[in-house]
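Structure first, commentary second.
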2 protein chains.
Amino acid sequence: MRAAGGIGGKRRYDSMRGGGARKRRYHHGDLRRALVQAALRLIDEAGPREFTLREVARSVGVTHTALYRHFPDKAALLAVVAEDGFRALKAAILRACAKVPDPLARFQQAGVAYVRFALAHPSHFRVMFRAEASARHPPLQKVKDETFALVVSAIEACQTQGLVRAGSATELALPAWAIVHGLAALLVDRSPRIQRTRVSADQLARSVTETLMEGMARRDRT
Amino acid sequence: MRAAGGIGGKRRYDSMRGGGARKRRYHHGDLRRALVQAALRLIDEAGPREFTLREVARSVGVTHTALYRHFPDKAALLAVVAEDGFRALKAAILRACAKVPDPLARFQQAGVAYVRFALAHPSHFRVMFRAEASARHPPLQKVKDETFALVVSAIEACQTQGLVRAGSATELALPAWAIVHGLAALLVDRSPRIQRTRVSADQLARSVTETLMEGMARRDRT
DNA sequence: ACCTGAACACCGTTCAAGT
DNA sequence: ACCTGAACACCGTTCAAGT
């Protein structure tokens, strides 16, 4: 699926072949940033078809080996892309929360923002949740943890107003994250065939978090 | 990360090079089955490092091109592997349910089985949930739907006994699947760093489904 | 310091040819 | 019918060399 072979080979990267089409010289700018952004663009555009380092280099206009001045390997580039993803996700959640004063509604909006982000950038979302990645890349782990912390503090706000039962907010955050992440992952992978049903993702996110919130609510029977 | 280059190149696949080491002849068996099983073994063993067709062929003892008599391309092989995965998951869930008479506890056990399966075969689990796959491969979509149907009927059983509130079981199944799938996905990707905490995955699955069930429970206040 | 060019050991896929 | 062998257009990574 990666190599197209001679068939369908419309795309010819002959820019460096013969007599100087697109005379590519030194980049002389923030090549590192340019590479990350190019990778992001390719990932978001080209769908789940994994991007290649050589494509990234081409789209920026440098040789594919120039990349190794800035990243030890492909995994490192992917880690930075994932990092940017979490930063964007964090920002989206914070934006969604800012508008809503009621902590319960705010919590729900955060969930909706999470699912929205995943559906808006499915490939990017997938890159963000890759097993190997965060273990070896501390800065990635850091933003990831910060994103998780948002969920925890949203729950704490609910607890303060007695809207969610007492107990470790961290422990309560796991089901919360799980249900939202699960919905996002299922939708991104088109697993339940619910896109035929004409319910919007927003609606699904709302109803799912609602079920969750009822489960987390303060109540008097054990 | 895929190509090792000359460095560390201990593994030499010279079996077909010179004077007939491991004289590989025709396979003369169910090559199709052998290929699928080899793919499965490689996927489960070699971790998230995606397996290659050539590796599969090598491990079975045929040329890499022999594969194309049985599968149109790599995606098709992956689809069959995913299909087998869902069959195994279905079986695991059914096994877990069989032992438990109470529908609520049964529901929970199904969730635990789901998470267990994911953690036991992380790479396989990932292959099972790949966006492109099921759309183009009807048999895959079918087992997937059947697995989803198990969740739905587990919920219906709870409703019959008045343990879960009335309403579309299909709609209630979505949060249920989402929370379990989300937990599984997060654990597989080691996203929340909870493996440091000495809580078992089983315990997490139980507590997460418990929160969910409380949210789905029949209750008299709106 | 930053980038190029050639090379290496891999890929997935195609196709004519063998049995 | 089922498989091989050679070929094609790609990969990621390394390394000596250029400015």
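As a basis for the values below, the full set of heavy atoms in this structure was taken, side chains included, without hydrogen atoms, waters or symmetry mates. Every chain is numbered from 1, with letters handed out A, B, ... down the list of sequences. Worth saying up front: this structure is predicted, and the values here are computed from it rather than measured.
- For His64(A), no side-chain nitrogen or oxygen approaches OP1 or OP2 of dC3(C) to under 4.0 Å.
- In this structure, of dC3(C), dC3(D), dG12(D), it is dC3(D) that holds the atom nearest to the side chain of Ala66(B).
- Looking at residues two or more places apart in sequence or on another chain, you find a salt bridge (charged side-chain N to carboxylate O under 4.0 Å, His left out) between Arg116(B) and Asp202(B).
- Here the shortest heavy-atom pairing between Leu78(B) and Arg130(B) reads CD1-NE, 4.4 Å.
- Asp30(A) places its CG atom 13 Å from the C1' atom of dC2(C), with the value rounded to the nearest Å.
- The ring-ring contact (aromatic ring centres under 6.0 Å, His included) analysis of residues 54-92 of chain B, with sequence neighbours excluded, yields the pairs Phe86(B)-Phe129(B).
- For the OP1/OP2 pair of dC11(D) and a distance below 4.0 Å, the side-chain nitrogens and oxygens of Thr52(A) include at least one atom meeting the criterion.
- Here Arg58(A) reaches the OP1 or OP2 of dC11(D): one of its side-chain N or O atoms lies under 4.0 Å away.
- Glu210(A) pairs by the salt bridge (charged side-chain N to carboxylate O under 4.0 Å, His left out) definition with nothing, not counting sequence neighbours.
- In this structure, Gln109(B) has no side chain to side chain donor-acceptor pair (under 3.5 Å) partners at least two apart in sequence or on a different chain.
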Taking Watson-Crick (N1-N3 plus N6-O4 or O6-N4) and G-U wobble (N1-O2, O6-N3), each under 3.5 Å, can you produce the dot-bracket string of DNA chain D? Use [ ] for crossing pairs and | for inter-strand ones.
||.|||||...|||||.||

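- Taking only side-chain nitrogens and oxygens, His70(A) never comes nearer than 4.0 Å to OP1 or OP2 of dA1(C).
- Taking atom CZ of residue Arg69(B) and atom C1' of nucleotide dA16(C), one finds them 11 Å apart after rounding to whole Å.
- Note: CG (Leu78(B)) to P (dG12(C)) measures 10 Å, nearest angstrom.
- Among residues two or more places apart in sequence or in another chain, the side chain to side chain donor-acceptor pair (under 3.5 Å) test is passed with Asp44(B) by His121(B).
- In this structure, Phe71(A) atom CZ and dG12(D) atom P are separated by 14 Å, rounded to whole Å.
- Nearer the 5' end of DNA chain C, as judged by each residue's closest nucleotide, is the contact made by Leu67(A), out of Leu67(A) and Tyr68(B).
- Donor-acceptor pairing under 3.5 Å, judged by distance alone, is present between the side chain of Thr65(B) and the base of dG5(D).
- As a whole-Å value, the separation of Asp73(A) CG from dG12(D) P is 11 Å.
- The distance from atom CZ of Arg32(A) to atom P of dA1(C) is 17 Å, rounded to the nearest whole Å.
- If you measure from atom CG of Leu35(B) to atom P of dG12(C), you get 13 Å, rounded to the nearest angstrom.
- In terms of phosphate contacts, Arg54(A) brings no side-chain nitrogen or oxygen within less than 4.0 Å of OP1 or OP2 of dC11(C).
- One can place CG of Leu53(A) at 6 Å from C1' of dG12(D), the figure rounded to the nearest angstrom.
- Cation-pi geometry between Lys90(B) and Phe117(B) is not met at under 6.0 angstrom from the ring centre and within 45 degrees of the axis.
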